[in-house]
Amino acid sequence: MTKDSERKISELKEKIKDFCEVRDWDQFHNAKDLAIALSIEVSELLEIFRWKTREEVQDLFKDEKKKENIQDEMADILYFLVRIAQRYDIDLSEAFDKKMEKNEQNYPVEKSKGCHKKYNELD
Ligand SMILES: [Mg+2]
């Protein structure tokens, strides 16, 4: 097991690439089907939280087995996100930094602090 602080995204890409190549899965892993798989995994995470109150969701993280279910779905989400990036030569760190710059512009602190409005609805 490797901690976040000790791992690079490029290592995840390499691990996922190797995992898929030995299974001959490249033939199935096009952008559309990977995006569908990613969306399904996000839905599986949502399913864990469905109909739970805010307090009940908090309690899920205190139960080892339930927390592990959440972690598993988050890992599935990461797997498909990184797999799309690996297959289509997308640098996730660069993409993230670029998007965060846009977010900084779209959500200036003076307009968005304590406010949940979308950027196009900010005054
Ligand atoms: Mg899953």
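Start at 1 and go down the list; that is how both ligands and their atoms are numbered.
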Q | Metal-centred angle, OE1 of E44 through the Mg ion (ligand 1) to OE1 of E73, rounded to 10 degrees | A | 80°
Q) Mind checking whether the Mg ion (ligand 1) has an N, O or S of D72 under 2.8 Å? A) no
Q: Taking all heavy atoms of I84 and all of L34, pick out the closest pair and write down the distance.
A: CG1-CB, 3.4 Å
Q) For V22, which fellow cluster members are found when Ile, Leu, Val, Met, Phe, Trp and Tyr are connected by side-chain heavy-atom distances below 4.5 angstrom, either directly or through intermediates? A) none
**Q.** Which atom of E41 approaches the Mg ion (ligand 1) most closely (N/O/S)
**A.** OE1
Q. For the Mg ion (ligand 1), what is the closest N, O or S atom on D76?
A. OD2
**Q.** Salt bridge flag under 4.0 Å for residues E101 and K98
**A.** no
Q: Evaluate side chain to side chain contact (heavy atoms under 4.5 Å, CB included) for D72 paired with E68, printing each intermediate quantity in order.
A: CA-CA 6 Å; D72 283 350; E68 188 175 332; 4.2 Å; yes
